[in-house]
Visitor: 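Starting off with a structure, shown below.
Here is how names work: the chains are called A, B, and so on, in the same order as the sequence lines, proteins then strands, and each is numbered from 1.
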Number of protein chains: 4
Amino acid sequence: MRPGTETGGQKTRTFVEQARRAQVVESAIEVIAKEGYANASLARIARHTGISRGLISYHFAGKDELISRVLVTVFGEVAAYMGPRVEAERTAVGQLRAYIESNLAYMDAHRSRIAAVVEIISGGGLATLGVDPIQAEEESLMPLAELFRRGQVDGEFRAFDPLIMARSVRGVIDSMAPRVTDVDLDLKACARELTTLFELATRNPSRRDNESPDVSGAKPS
Amino acid sequence: MRPGTETGGQKTRTFVEQARRAQVVESAIEVIAKEGYANASLARIARHTGISRGLISYHFAGKDELISRVLVTVFGEVAAYMGPRVEAERTAVGQLRAYIESNLAYMDAHRSRIAAVVEIISGGGLATLGVDPIQAEEESLMPLAELFRRGQVDGEFRAFDPLIMARSVRGVIDSMAPRVTDVDLDLKACARELTTLFELATRNPSRRDNESPDVSGAKPS
Amino acid sequence: MRPGTETGGQKTRTFVEQARRAQVVESAIEVIAKEGYANASLARIARHTGISRGLISYHFAGKDELISRVLVTVFGEVAAYMGPRVEAERTAVGQLRAYIESNLAYMDAHRSRIAAVVEIISGGGLATLGVDPIQAEEESLMPLAELFRRGQVDGEFRAFDPLIMARSVRGVIDSMAPRVTDVDLDLKACARELTTLFELATRNPSRRDNESPDVSGAKPS
Amino acid sequence: MRPGTETGGQKTRTFVEQARRAQVVESAIEVIAKEGYANASLARIARHTGISRGLISYHFAGKDELISRVLVTVFGEVAAYMGPRVEAERTAVGQLRAYIESNLAYMDAHRSRIAAVVEIISGGGLATLGVDPIQAEEESLMPLAELFRRGQVDGEFRAFDPLIMARSVRGVIDSMAPRVTDVDLDLKACARELTTLFELATRNPSRRDNESPDVSGAKPS
DNA sequence: TATGAATGAGCCTTCATTCAT
DNA sequence: CATGAATGAAGGCTCATTCAT
């Protein structure tokens with residue numbers, strides 16, 4: 001009987017168990033980021049980890065669970081990084097800026113983790129996960145949509161569909177993700193452009209105290 | 001050996017050949033859109049087409065060529081649809097709006113084609129195609145970036161990095177693509193929101209005749 | 001009904017039929033010699049001939065018959081070349097020399113034909129031909145063995161097993177065949193060495209008039 | 001992924017691994033010898049071994065490696081058998097006789113192994129092995145050519161091209177190989193004939209102490 | 001806990017051959 | 001006579017997973 005298989009289970013994981021799982025997840029991230037999801041067979045991950053093929057199956061219910069853990073791990077880190085920074089802001093406008101900036105900052109600082117996630121998603125890794133990518137995205141959009149709603153109520157934002165705007169913000173940020181492997185990509189410059197872009201796109205023109213974002217200094221890439 | 005394989009050769013395809021290839025491509029689109037790229041084996045596509053496994057290999061150099069044809073076909077249609085509509089506009093602002101609207105209009109009208117492409121791309125189908133996704137995206141960005149540059153020179157657009165803005169537009173549009181399978185998704189509403197979004201984000205505030213886009217009627221989704 | 005398929009058939013081949021068959025056989029020889037037997041699919045041969053795949057099946061009962069015709073053609077030419085030259089000699093010793101020399105001379109002059117035969121034989125082409133290679137070889141050995149027997153009766157040759165000696169002669173000659181593709185291989189020098197070799201090995205030492213072959217001028221290769 | 005695949009790696013094969021590999025190699029020899037190389041698919045070999053198809057792929061990098069192992073195994077055994085017997089002789093003449101006799105003796109004692117090798121070579125098995133048959137033969141000729149050179153320097157052998165003579169010896173021996181399946185073939189008689197043949201063909205006539213080989217007792221086959 | 005061995009399904013591809021036109 | 005279209009079998013290979021030790 002494998003650990004964590006007990007039905008209805010309390011996840012009673014021993015220390016070794018937890019360590020192994022973490023180790024394998026890290027290893028998987030490296031392999032996926034470097035070799036591509038298509039080449040990330042369990043055999044390859046096992047070899048890169050320095051353990052046997054069977055041990056992965058022992059610690060994870062299947063490849064699906066391992067991949068799932070990779071995603072949960074990285075997305076968890078992203079949330080842990082962004083959350084406090086967004087919540088530190090008092091205005092919706094400030095929170096939006098913090099959202100974009102902190103998201104791109106994390107991507108900049110953890111490029112291989114992002115690369116792994118991109119590889120999984122664009123490599124078909126979601127297909128067998130039983131994850132509905134649409135619903136998953138929907139949920140990830142909720143906080144952002146809520147942020148926009150609050151900003152509209154407060155009069156900081158103009159009228160627009162909060163969900164579509166949220167999807168747009170995510171779409172723009174996510175479209176940067178596949179490019180993190182390009183070391184020349186200047187994510188800080190992107191962050192400046194994107195905050196400006198969405199401040200212009202969302203601000204309420206009838207609000208006097210809404211200072212115009214600085215629009216002068218853009219340089220061509 | 002397939003017909004028309006001669007290196008450097010004339011692509012002398014017979015009528016039947018062309019018809020079969022087109023039929024198989026259509027069939028592949030349906031299978032991929034419905035069953036997912038991971039399940040779209042040649043065997044499955046053949047069965048769905050009502051032909052033998054070998055016949056696909058007879059008409060296509062390999063799975064790669066078939067998938068490639070699917071992409072070329074759909075992207076070709078998209079370009080054929082958008083091109084005239086964008087070029088019909090005289091101002092950069094108008095072209096940008098036409099670009100967004102016509103792209104989403106095509107997506108709206110050909111959802112299963114878009115779904116197939118999404119499945120291929122997010123299912124790892126690009127990996128074996130020898131297509132560098134980064135470079136491919138870069139090229140698809142060029143016309144848009146050029147549009148922005150012209151608009152900046154003309155004073156229609158404010159100063160911003162044309163490439164990042166181009167990537168943003170594409171990012172937002174592409175982020176809608178995986179959702180076309182959701183029949184409730186109102187792409188026309190999206191189009192309205194997105195044209196407004198990018199008009200606000202790009203317009204030159206120091207230009208008097210730059211009429212403000214209508215910002216009043218947005219409804220929550 | 002294909003030509004030549006009539007049961008118990010008179011081979012009534014039209015002129016065109018004969019020409020086509022000859023053309024395809026020549027084409028097959030070229031393809032096999034150049035690309036190797038493993039790559040000599042009917043499709044490849046058809047393309048090289050400039051005709052359709054089906055036409056080969058139309059003119060030949062199957063791939064086996066085509067390959068068979070290649071072998072019969074080349075072996076027939078070899079026999080036609082060697083026969084007169086061997087029979088022109090009056091002594092068994094002379095015939096043996098003529099046998100070796102004319103065989104190597106043909107090989108020298110028709111290297112690509114020999115290469116094709118070698119490719120077929122060493123490429124598994126005999127397996128499906130229903131040809132028992134052992135029996136085939138046995139038959140090809142008969143004239144040579146007979147030659148040796150006559151020479152022994154006449155007292156030209158010493159006592160030895162004629163069949164084994166025949167096999168040895170063929171073995172040595174055949175061992176040169178795979179090397180004809182090496183343009184540096186000097187088959188004339190080989191012929192000189194081999195005639196000497198077998199004259200020494202077969203001559204009857206108790207026969208006074210048996211002139212010693214010249215043994216002085218050998219050069220290292 | 002197979003064990004022991006690490007590039008540049010230590011070949012740490014477990015005991016079971018070694019045993020399985022040996023078992024499969026033996027099994028492959030049997031199948032190839034009995035059914036022919038063309039029919040020796042991995043599936044057939046697996047069934048004959050009593051294991052699953054996948055297990056062969058697990059233990060061998062591919063069919064090529066398996067076939068390669070068969071050849072290496074048999075050729076290694078041949079060398080191990082012949083080497084000491086040749087080296088035990090003090091004269092070049094003696095070594096030549098030992099070479100021929102021991103080679104044929106091995107063939108006589110291991111007919112199915114020889115049959116397998118013959119099947120592989122004459123069945124096209126070398127084509128995908130990346131083995132240049134010409135070069136491979138060249139190397140196998142070296143020791144023999146060297147033997148002849150030494151004998152010529154010592155005055156035991158007459159003047160002749162050592163390489164051509166070496167090729168002749170091998171050619172004659174190899175021409176016996178395809179016949180080992182014939183149980184009536186008397187390889188011991190062949191050995192007697194061939195040693196005499198090559199002693200006559202190579203001996204230095206100007207050397208007094210060069211005793212004439214016995215030439216009297218040959219029987220017709 | 002951990003391993004190496006073993007399985008079996010599925011995939012893409014090649015190819016000789018057949019057939020309607 | 002000749003073609004191109006179509007078939008179906010077979011082959012080698014990869015891979016997640018299971019199991020005895």
Visitor: Measure across Ala40(C) and Ile45(C) and return the closest heavy-atom pair with its distance rounded to 0.1 Å.
Guide: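 Reported closest heavy-atom pair: O-CD1, 3.9 Å.
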
Visitor: In whole Å, what is the span from the CG atom of Asn39(D) to the P atom of dA9(F)?
Guide: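 These atoms are roughly 18 Å apart.
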
Visitor: Atom CZ of Phe60(B) and atom C1' of dA6(F): how far apart are they, to the nearest Å?
Guide: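 In whole Å, dA6(F) C1' and Phe60(B) CZ are 15 Å from each other.
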
Visitor: State plainly whether the residues Arg113(B) and Glu26(B) are in salt-bridge range, i.e. N to O under 4.0 Å.
Guide: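 Yes, charged N to carboxylate O under 4.0 Å.
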
Visitor: Nearest 0.5 Å please: distance from the CD1 atom of Ile67(A) over to the CG atom of Leu129(A).
Guide: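 Between Ile67(A) CD1 and Leu129(A) CG, I get 7.5 Å after rounding to 0.5 Å.
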
Visitor: Who does dC13(F) pair with, Watson-Crick or G-U, both distances under 3.5 Å?
Guide: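 Paired with dG10(E).
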
Visitor: In terms of side-chain heavy atoms of Ile51(B), which of dG12(F), dT7(F), dT3(E) is nearest?
Guide: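 The listed nucleotide nearest to Ile51(B)'s side chain is dT7(F).
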
Visitor: So, does Tyr58(B) get its side chain near the phosphate of dA6(F), meaning an N or O under 4.0 Å from OP1 or OP2?
Guide: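 Answer no for this pair, as no side-chain N or O of Tyr58(B) is under 4.0 Å from OP1 or OP2.
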
Visitor: Could you give the CZ-to-P distance, from Arg21(B) to dA5(F), as a whole number of Å?
Guide: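 Checked: the CZ to P distance equals 11 Å.
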
Visitor: Please determine whether a side-chain nitrogen or oxygen atom of Ser57(C) lies at a distance below 4.0 Å from atom OP1 or OP2 of dA16(E).
Guide: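 Answer no for this pair, as no side-chain N or O of Ser57(C) is under 4.0 Å from OP1 or OP2.
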
Visitor: Which part of the nucleic acid, if any, lies within contact of Leu55(D), taking any heavy atom under 4.0 Å across all strands shown: a base, the sugar-phosphate backbone alone, or nothing?
Guide: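 Result for Leu55(D) = base.
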
Visitor: If we ignore hydrogens and angles and just use 3.5 Å, is the side chain of Ser27(D) paired with the main-chain N or O of Gln23(D) as donor and acceptor?
Guide: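 No; zero donor-acceptor contacts below 3.5 Å.
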
Visitor: Starting the side chain at C-beta, find the nucleotide from dA16(F), dT1(E), dC12(E) nearest to Val16(A).
Guide: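 Nearest to the side-chain atoms of Val16(A), counting from C-beta on, is dT1(E).
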
Visitor: Where each residue is assigned the nucleotide of DNA chain E containing its nearest heavy atom, which of Ala38(B) and Gly54(D) is assigned the position nearer the 5′ end?
Guide: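 Between the two, 5'-proximity favours Gly54(D).
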
Visitor: dA16(F) P sits how many Å from Asp64(A) CG, rounded?
Guide: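 Going from Asp64(A) (CG) to dA16(F) (P), I get 10 Å.
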
Visitor: I need the CZ-C1' distance between Arg47(C) and dT14(E), as an integer number of Å.
Guide: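 The answer, rounded to whole Å, is 13 Å.
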
Visitor: Please report the distance, rounded to the nearest Å, between CD1 in Ile56(D) and C1' in dC13(F).
Guide: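 So the CD1-C1' distance, Ile56(D) to dC13(F), works out to 12 Å.
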
Visitor: Please report the distance, rounded to the nearest Å, between CD1 in Ile45(C) and C1' in dC15(E).
Guide: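 From Ile45(C) CD1 to dC15(E) C1': 12 Å.
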
Visitor: Under 3.5 Å, is there a donor-acceptor pair linking the side chains of Gln18(C) and Arg21(C)?
Guide: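 No.
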
Visitor: dA2(F) phosphate, OP1 or OP2: any side-chain N/O from Arg20(C) under 4.0 angstrom?
Guide: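 Indeed, a polar side-chain atom of Arg20(C) lies that close.
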
Visitor: How long is the line joining NZ of Lys63(D) and P of dT14(F), in whole Å?
Guide: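 Distance, rounded to whole Å: 15 Å.
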
Visitor: Compare the minimum distances between each of dC12(E), dA5(F), dC15(F) and the side chain of Thr14(B), then state the nucleotide with the smallest one.
Guide: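 Of dC12(E), dA5(F), dC15(F), dA5(F) is nearest to the side chain of Thr14(B).
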
Visitor: Which comes earlier along DNA chain F counting from the 5' end, the contact point of Arg53(D) or that of Gln18(C), where each point is its nearest nucleotide?
Guide: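 Result of the comparison: Gln18(C).
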
Visitor: Please figure out whether Gly62(C) or Ser52(D) has its closest DNA chain E nucleotide nearer the 5' end.
Guide: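 On the 5' side of the pair lies Ser52(D).
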
Visitor: Measuring from the side chain of Leu42(A) (C-beta onward, heavy atoms only), which nucleotide among dT3(E), dT17(E), dT17(F) has the closest atom?
Guide: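 So the side chain of Leu42(A) is nearest to dT17(F).
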
Visitor: Does a side-chain N or O from His59(A) land closer than 4.0 Å to OP1 or OP2 of dA2(E), or not?
Guide: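 Answer is yes, contact under 4.0 Å.
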
Visitor: Is a side-chain N or O of Glu119(A) found less than 3.5 angstrom from the main chain of Tyr37(A), in a donor-acceptor match?
Guide: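 Here the side-chain-to-backbone pair exists.
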
Visitor: Checking base pairs now: Watson-Crick or wobble, both atom distances under 3.5 Å. What partners dA5(E)?
Guide: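 Across all strands, the one nucleotide that pairs with dA5(E) is dT18(F).
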
